[in-house]
Amino acid sequence: MQVRRPDDRRERIRVLSEALMGLADRPVKVMEVCGTHTVSIFRQGLRALLPPTVELVSGPGCPVCVTSQGEIDAAVALARLKETTVATYGDMIRVPGSGTTLEEERSRGADVRVVTSADQALSMARSDRNRNVVFVAVGFETTAPATAAIVIDAWREGLDNFMVLNLHKSVPPALEALASDPEVKLDALLLPGHVSVITGMEPYRFLPEKYGIACAVAGFDAEDIMLALVEVIKQVREQKPRVASLYGRAVRPLGNAEARNAMERVLTLKDASWRGLGVIPSSGYSLREEFSRFDALDRLGITVSSTPPPKGCMCGDVLKGLIDPPSCGLFGAYCTPAHPVGPCMVSTEGSCAAFYRFLRGRRTDWEH
Amino acid sequence: MCLAVPHRIIALRAANRALALAGAVETEIRTDLVPGLKEGDLVLVHAGFAIERLLPEEGEELERLWEEVRELAGPQTR
């Protein structure tokens, strides 16, 4: 079956915008869970095309943003150890811990390296067996299988100088925490496309069934996101919430079993602390007993303390969609992408950074 | 963080690796999370690992939704 839609992209967007205007005759609060969606919505100016009844809020879908203060401090403590390399995805290096950032530690001589693939961290461990290499494993289900794959490699190769600071978190339990929070009150969720590539659709069924929340798994183009909004608003109007699949070119209903097998072999669920959301049961991944010798915290004797977030920082409320970033007293004045206070301003996917980058100069309500 | 980029597999290599092309950039990627990949396959790559094959078709739900969108948007829709 051929999709019958206008050939011209601009015409498609116009048609979608018009359909949304017609549909959204009542207030609907929609949370986009994925940081990549957040950035896409801002970059493509989608907010301007939505009817005023549609309230879009960003959720806890930026892994760097939900990493707790204590976990950042642990990464910094690892970077301070002698004969130790810390390898991390780029966004992590600028997130302020209680004292410094990984970037500041690097400027003082620590060996902190940015990688774009987990595999590069493993190569570092292979090339110098006399140094400990700690991979800061941050991310959701999209990213966790890659960590599992390199831990299996390290285990096979007996690479004992390779370790992982495992900060991986699981998306569905965080959505349950939000869905059951009486303060948050969501009508609909745009589910994360690339997390769903791994998990499939099944882990989200409880959202419509138990909480009556309309859901759509969405891709990342402007029209993907607008179509998903049409779908969830339709579900809300008809009072028939379900999990719609609108990213069929990438997401199979049962997800990627091979990737989940790798995760299952190496990782197990534990309670985890999320910035803004607190401790959520079975929402973080830790290494299974068989692979515990790759756990950097155990091996190097570092503990994760429960440290409060920076004073005045409202990242927690932003991550729950309770406030928009300009409502935070620090936003734009004391907290900017050049001098971030909280992680939502650091990560390019954070909603504070997105508001700052894309709406600065167009809105003045944060000029306190 | 969960950004994934479509790549075309150019050549399979040993040890669960392949050379893949995105735009003009060739990269070596890991293929262990998507078994049975062949040269020419289009895959989504995240953090250096292929995480799924991309299919040309969009899926039934999306096709049906477009029909509804056209109706909602009114008769002037081409």
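Convention: sequence-line order gives letters A, B, ...; per-chain numbering from 1.
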Query - Part of residues 10-25 of chain B lying next to chain A, heavy-atom separation under 4.5 Å - result: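 The list, in residue order, reads B:Arg17.
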Query raised in the report: At a heavy-atom separation under 4.5 Å, does B:Glu68 approach chain A through its side chain, its backbone, both, or neither?
Result: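 For B:Glu68, side-chain heavy atoms alone lie under 4.5 Å from chain A.
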Requested in this report: Could you tell me which portion of B:Leu44 (side chain, backbone, both or neither) has an atom closer than 4.5 angstrom to a non-hydrogen atom of chain A?
Outcome: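 Contact with chain A involves the side chain of B:Leu44 alone.
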Query raised in the report: Salt bridge check: are A:Arg14 and A:Glu11 linked by an N-O gap of less than 4.0 Å?
Result: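 So A:Arg14 pairs with A:Glu11 through a salt bridge.
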Query raised in the report: Is A:Glu223 close to A:Ile13 at the side-chain level, that is, under 4.5 Å between some pair of heavy atoms?
Result: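 A:Ile13 reaches A:Glu223 side chain to side chain.
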**Report entry** Any side-chain heavy-atom pair of A:Ser58 and A:Glu32 under 4.5 Å
**Finding:**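 Yes, close enough: below the 4.5 Å cut-off.
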Using a cut-off of under 4.5 Å on heavy-atom pairs, state which of [options] scores highest against chain B.
options                                : answer
A:Ala250, A:Ala259, A:Ala146           : A:Ala146
A:Arg249, A:Glu231, A:Arg260, A:Glu258 : A:Arg249
A:Ala118, A:Gly22, A:Ala244            : A:Ala244
A:Asp119, A:Val251, A:Leu23, A:Ile198  : A:Asp119

In terms of heavy-atom proximity below 4.5 Å to chain B, should [X] be classed as side chain, backbone, both, or neither?
X        : value
A:Ala149 : both
A:Thr116 : backbone
A:Leu246 : both
A:Leu20  : neither
A:Arg12  : both
A:Asp153 : side chain

[X] to [Y] - nearest heavy-atom pair and separation:
X        : Y        : answer
A:His168 : A:Gly139 : ND1-O, 3.0 Å
A:Ala87  : A:Met124 : CB-SD, 4.1 Å
A:Val33  : A:Leu189 : CG2-CD2, 3.6 Å

Query raised in the report: Is a side-chain donor-acceptor pair under 3.5 Å present for B:His46 with A:Thr143?
Result: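 Judged by distance alone, the side chains do pair up.
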Query - For A:Val243, side-chain contact (heavy atoms from CB on, under 4.5 Å) partners two or more places apart - result: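 With sequence neighbours excluded, A:Val243 shows a side-chain contact (heavy atoms from CB on, under 4.5 Å) to A:Leu191, A:Met201, A:Tyr204, A:Arg205, A:Pro208, A:Cys215, A:Val217, given in chain and number order.
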Query raised in the report: With B:Leu55, which residues qualify under side-chain contact (heavy atoms from CB on, under 4.5 Å), at least two apart?
Result: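 Counting only residues at least two positions away or on another chain, B:Leu55 forms a side-chain contact (heavy atoms from CB on, under 4.5 Å) with A:Arg252, B:Glu57.
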Requested in this report: Applying ring pair (Phe, Tyr, Trp, His ring centres under 6.0 Å), name anything that partners A:His194, two or more places apart in sequence or on another chain.
Outcome: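 Scan of A:His194 (ring pair (Phe, Tyr, Trp, His ring centres under 6.0 Å), adjacent residues dropped) gives A:Phe220, A:Tyr247.
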Report task. Please confirm whether A:Phe140 and A:Tyr285 have ring centers closer than 6.0 angstrom. Result ->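 Distance test on ring centres: not under 6.0 Å, no.
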Query - Flag, side chain of A:Ser40 to backbone of A:Thr36, donor-acceptor distance under 3.5 Å - result: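 No: the side chain of A:Ser40 does not pair with the backbone of A:Thr36.
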